[in-house]
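Structure first, then comments.
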Amino acid sequence: MGEDKGGGPAYSPGLEGVIAGESALCEVDEGAAGLRYRGYAIGDLAEQATFEEVAYLLLFGKLPTRKELGDFTAQLQTQWPLPGSVEAFIGVVPPSAHPMDILRTGVSLLGMTDPDAADSPREASLRKSVRLLAQIPILIANAHRLAHAKRQVQPSPDQSFAENLLYLLTDRHADEQAKAMARVLNVSLILYAEHEFNAPTFAARVAASTLTDLHAAVTAAIAALKGPLHGGANEAVAAMLLEIKSRDRAERWVRDALAQKRRVMGFGHRVLHKGDARSAIIQRHAEALSRTCGDTRWYDIATIVDRIMQQEKGLYPNLDFYTAVAYLLMEIPRDLYTPVFVCSRIAGWCAHIIEQQDHNRLIRPRAAYVGPPPQAYVPLERRT
Ligand code: COA
């Protein structure tokens with residue numbers, strides 16, 4: 001870290017531009033590949049891999065062989081059933097609770113019932129990670145179904161992670177359209193899986209650096225993901241597209257929003273100023289899925305918003321923007337968009353927590369004091 005003119009450590013609001021640690025998990029660059037997970041270009045992974053392969057890559061450091069993938073998938077399936085205490089918790093949450101809040105508390109509770117709860121060696125952390133990867137989709141789906149008086153359904157061992165997730169959240173499976181949707185969901189899960197030191201990942205690493213347990217660190221990450229400046233943006237984009245309603249209203253809506261100095265969700269990024277390679281990938285898939293579904297309304301509105309934002313503000317869409325178009329077509333309930341992000345990013349978070357545990361140093365930055373100058377203490381009876 002550099003020094004300021006006074007000789008102290010340099011201050012960067014929001015830690016912008018600060019290198020806060022080392023990681024072998026992903027490389028964010030604005031060059032041709034845009035993003036690499038453990039050296040593999042995001043475009044190659046999104047177009048050719050399954051989410052299960054990518055989760056394995058992040059957690060275990062290499063792409064799995066066919067046998068390793070089979071074992072990993074089987075391991076995930078054995079972890080599907082939720083502990084009774086977590087099912088009981090889902091039964092008593094207030095009806096108004098946001099799924100991200102249910103997830104945050106649910107993951108914390110999973111930590112208390114985890115068979116490796118008391119252990120933190122690498123192997124135990126990996127077992128906990130696999131359990132969370134398997135259980136988070138079930139937790140989200142069961143809570144949603146109970147809250148909306150829908151029948152509970154079970155994932156199938158014959159379906160992929162994305163196919164099961166689509167089924168659990170929307171009841172869709174088997175037909176050609178559902179298969180096309182699951183393929184796009186698979187792509188979006190791969191794109192969401194990891195993005196170095198964003199706020200929730202950093203929160204997880206800060207927590208992990210105190211040697212707390214993996215579930216505690218993931219709980220911190222979920223709390224940090226919820227806000228609309230980050231994970232909540234995909235849900236906010238869908239709300240915006242629904243509010244705009246039709247393509248003929250889109251241009252006016254954006255111009256009014258900008259005139260009122262409102263933030264248009266799904267645009268801008270703290271690190272990526274020349275565009276997000278993931279956005280171009282999900283845009284292509286959202287467009288193709290719109291045609292497959294015979295409904296280009298949301299995509300058409302989105303491209304108009306995109307054009308005006310680039311023209312007027314020089315801001316590019318981030319991953320959340322066209323993802324919202326795809327999720328609207330899939331009819332994923334809107335308040336589950338950010339939880340779906342968690343279903344994927346849990347792989348990246350757990351890999352980061354394990355990496356932090358492997359090379360730990362307590363994360364403890366300094367603050368620049370801006371409060372009152374030194375003052376004399378005034379006893380209570382003499383204070384006015
Ligand atoms: N809509 C309108 N204006 C935006 C904007 C957006 N989505 N994102 C940034 N800007 C503008 C800001 O108003 C600011 O303009 P100003 O200098 O005239 O005041 C300028 O761009 C810089 O924004 P700033 O908030 O300082 O950048 P940041 O690096 O802190 O912000 C985000 C990054 C992601 C928080 C921000 O772009 C944002 O709020 N985007 C919308 C939420 C979103 O999509 N989040 C998901 C991120 S992956």
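The structure presented is a predicted model; accordingly, all values stated were derived computationally and were not measured. As the structure lists them, so they are numbered: ligands from 1, and atoms in each ligand from 1.
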Q) Under a single-linkage definition using a 4.5 Å side-chain heavy-atom cutoff for Ile, Leu, Val, Met, Phe, Trp and Tyr, are L76 and L185 assigned to the same hydrophobic cluster? A) yes

Q: Decide yes or no on ring-ring contact (aromatic ring centres under 6.0 Å, His included) for F321 and Y316, but give the supporting numbers first.
A: CA-CA 10 Å; F321 188 66; Y316 296 92; over 10 Å; no

Q.
Restricting to non-hydrogen atoms, name the atom on M330 and the atom on T170 that form the minimum distance, rounded to 0.1 Å.
A. O-CG2, 3.5 Å

Q) Backbone or side chain, does any N or O of V264 fall under 3.5 Å from an N or O of ligand 1? A) yes

Q: List every atom of ligand 1 that sits less than 4.0 Å from any heavy atom of D320, numbering the atoms from 1 in the order shown and giving each element.
A: 46 (C)

Q) From atom 6 (C) of ligand 1, is the closest protein heavy-atom distance below 4.0 Å? A) yes

Q. Has ligand 1 got any nitrogen or oxygen that is less than 3.5 angstrom from a nitrogen or oxygen of L258?
A. no

Q. Looking at ligand 1, does any of its N/O atoms fall within less than 3.5 Å of an N/O of R263?
A. yes

Q) With respect to atom 47 (C) of ligand 1, which of L229, D276, L272 exhibits the smallest heavy-atom separation? A) L229

Q) Quick one: do R172 and E163 make a salt bridge, cutoff under 4.0 Å? A) no

Q: Give a yes-or-no answer on whether the side chains of D256 and Q260 include a donor-acceptor pair shorter than 3.5 Å.
A: no

Q. So, do R345 and N198 sit near enough that their side-chain heavy atoms are less than 4.5 Å apart?
A. yes

(Q) Return the closest protein heavy atom for atom 48 (S) of ligand 1 as residue, atom name and distance. (A) H269 CD2, 3.8 Å

Q. What residue and atom, counting heavy atoms only, is the protein's closest point to atom 41 (C) of ligand 1, and at what distance?
A. F267 O, 3.4 Å

Q. Quick one: does R270 get an N or O within less than 3.5 Å of an N or O on ligand 1?
A. yes

(Q) Under 4.0 Å from atom 25 (O) of ligand 1, can you find at least one protein heavy atom? (A) yes

Q.
Would you say atom 19 (O) of ligand 1 makes contact with the protein, given that contact here means a non-hydrogen protein atom less than 4.0 Å away?
A. no

Q. Does a side-chain heavy-atom distance below 4.5 Å link L110 with R131?
A. no

(Q) Which of the numbered atoms in ligand 1 are under 4.0 angstrom from any heavy atom belonging to L315? (A) 3 (N), 4 (C), 5 (C), 6 (C), 8 (N), 9 (C), 10 (N)

Q) Would M309 count as a contact of ligand 1 if the rule is a heavy atom under 4.0 Å away? A) yes

Q: Below 4.0 angstrom from a heavy atom of A233, which ligand 1 atoms are there? Numbered from 1 as shown, please.
A: 43 (C), 44 (O), 45 (N), 46 (C)

Q) Taking C-beta and beyond as the side chain, do L25 and Y37 meet within less than 4.5 Å on heavy atoms? A) no

(Q) Would you say NZ of K67 has more than 12 non-hydrogen atoms from neighbouring residues, nucleotides or ligands within 6.0 angstrom? (A) no

**Q.** Nitrogen or oxygen of M265 less than 3.5 angstrom from that of ligand 1
**A.** no

Q.
I'd like to know if the side chain of Q283 pairs up with that of Y299 as donor and acceptor (distance under 3.5 Å, no hydrogens or angles considered).
A. yes

Q. Is any side-chain N of the basic residue among R36 and E27 closer than 4.0 Å to the acidic one's carboxylate O?
A. yes

**Q.** Cationic tip of R247 above W253 ring, under 6.0 Å, 45° of axis
**A.** no

Q) Counting each atom of ligand 1 from 1 as listed, which ones have a heavy atom of G268 under 4.0 Å away? A) 34 (C), 37 (O)

Q) Side-chain heavy atoms under 4.5 angstrom apart, residues restricted to Ile, Leu, Val, Met, Phe, Trp, Tyr: same cluster for V206 and L229? A) no

Q. Any protein heavy atom sitting closer than 4.0 Å to atom 22 (C) of ligand 1?
A. no

Q: Could you list the atoms of ligand 1 found under 4.0 angstrom from a heavy atom of G266?
A: 43 (C), 44 (O)

Q: Can you confirm whether something in the protein, heavy atoms only, sits under 4.0 Å from atom 13 (O) of ligand 1?
A: yes

Q) When only distance counts, is K313 in polar contact with ligand 1, meaning an N/O pair under 3.5 Å? A) no

Q. Atom 44 (O) of ligand 1: protein heavy atom closer than 4.0 Å?
A. yes

